[in-house]
Amino acid sequence: MRVGIVGGGQLARMLALAAYPLGLRCTVLDPAPDACAGQVAELLQGAYDDPACLSQLAQRVDRVTFDFENVPASTARALVRHIPVFPPPLALEIAQDRLAEKNLFRELGIATPPFSAVDTLAELQAAADTTGLPAILKTRRFGYDGKGQRLLKAAADITPAWDDLAGDIPLILEGFVPFEQEVSILALQDAQGHTAFYPLVRNIHRQGVLRWSHAPCQDSGLQEQARDYATRVLQRLDYIGLLAIEFFVVNGRLLANEMAPRVHNSGHWTIEGAATSQFENHLRAGFGFPLGSTDTIGCSAMVNCLGEMADRPTVLAVADAHYHDYGKPPRPGRKVGHFTLRASDPLTLNQRLASLLPEDLADTLLPPDD
Ligand code: AMP
């Protein structure tokens, strides 16, 4: 059997690496001739909206999935007419629009930060009055890793922020959340409605980019709430595959920030830190194989390598360290790889992490009682 993956980045690459032991082969569709998944899977080079490429992909594979959510909705709709597609195109469409996403959360009774749609300067001013400042103005579509966002601290910031982003309307204004931490849940559902959940992950971002994740997050009081919220989304969307939802924790409550209808950066630790990786489980769900155990193996820290890889001998010298080079040329800020450290207890994990965490993140090490 063969799986088609639209998008040939690192997520497709790690999906392909998880597919082979299951007896699945992969074809990735990507416009770039050097897409990094092409090093480990068959690459179909072409545009995501090229009907000839889509038809070739649909003929070549048994099912299709995605490695990023900004695949044109028309592509997903075109493919689903010919071949099973997971997750469902509706999930992709909703996740492409921050307003649709927040409206879905609201409809399902999932708490979110306050938000308002903004299409004009007058609407921005009115939204700032309702939400209060500070607030964050975001593009509704095609924003990722903190791109397309402006922080509004005071009324004087409103017009400059509008001037910066007006070319990218529609926009959304969200209340700024003074969060205690950021966490995510990785949830799975198959076609029969079986679900599985990995434990909550604590995520540390800088300038909107995930720098490192720690699993399992020790705040187990939030686990039930996160599972309940994720279950509502999985059921509402007849979801198949892995779904990630990112939350802010504020005053001990979860506020949903966004969801990703795909395997997720905050789940890379599952390759070594869980009985079944998120990549394998996404494929199991999509192909109707029984879901694998999401039990953790000790505790894990996953650190992203941005711009360039961490020094390989230094990382590999640490006990239970696992190195993942995505085979991408280095470029400032680019996610070129990650490494995962595993340990039997949080204290040991902290000690191992201390020597490898970039200096600017030293203050984000786990608190001693974590
Ligand atoms: P996003 O692209 O929405 O995931 O935002 C990237 C990061 O910016 C988040 O992980 C947070 O660290 C920060 N951020 C986004 N929205 C808010 C908000 N409403 N309040 C506080 N921080 C936010």
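Nothing here was measured: the structure is a model prediction, and the numbers come from that model. In listed order, ligands and their atoms are each counted from 1.
Ring orientation note: the planes of W212 and H214 are tilted relative to one another, at an angle of 30° to 60°. Under the 30°/60° scheme for interplanar angles, the aromatic rings of H338 and Y326 are found to be tilted. Ring orientation note: the planes of F86 and F287 are nearly perpendicular, at an angle over 60° on the 30°/60° scale.
Judged purely by distance below 3.5 Å, without hydrogens or angles, the side chains of Q189 and T195 never pair a donor atom with an acceptor atom. The closest side-chain donor-acceptor pair between Q10 and K328 falls under 3.5 angstrom.
The option with the heavy atom closest to atom 7 (C) of ligand 1, from among G175, G208, G148, is G208. Which of H205, E182, R206 comes nearest to atom 11 (C) of ligand 1 through a heavy atom is settled by distance: it is E182.
In terms of N/O distances under 3.5 Å, ligand 1 is not approached by E246.
For the pair K147 and ligand 1, no heavy-atom separation below 4.0 Å is found.
Near K138, with a cut-off below 4.0 Å to any heavy atom, the atoms of ligand 1 are 3 (O), 15 (C), 16 (N). Atoms of ligand 1 lying under 4.0 Å from at least one heavy atom of N257, given by number and element, are 1 (P), 3 (O), 4 (O). Here is the list of ligand 1 atoms found below 4.0 Å of a heavy atom in F176: 20 (N), 21 (C), 22 (N).
At a 4.0 Å heavy-atom cut-off, ligand 1 touches V177 through backbone and side chain alike. At a heavy-atom cutoff of 4.0 Å, ligand 1 is contacted by no atom of L210, backbone or side chain.
Not a single donor-acceptor pair under 3.5 Å links the side chain of Q278 to the backbone N or O of T270.
A salt bridge does not link E258 with K102: none of the charged nitrogens is closer than 4.0 Å to a carboxylate oxygen.
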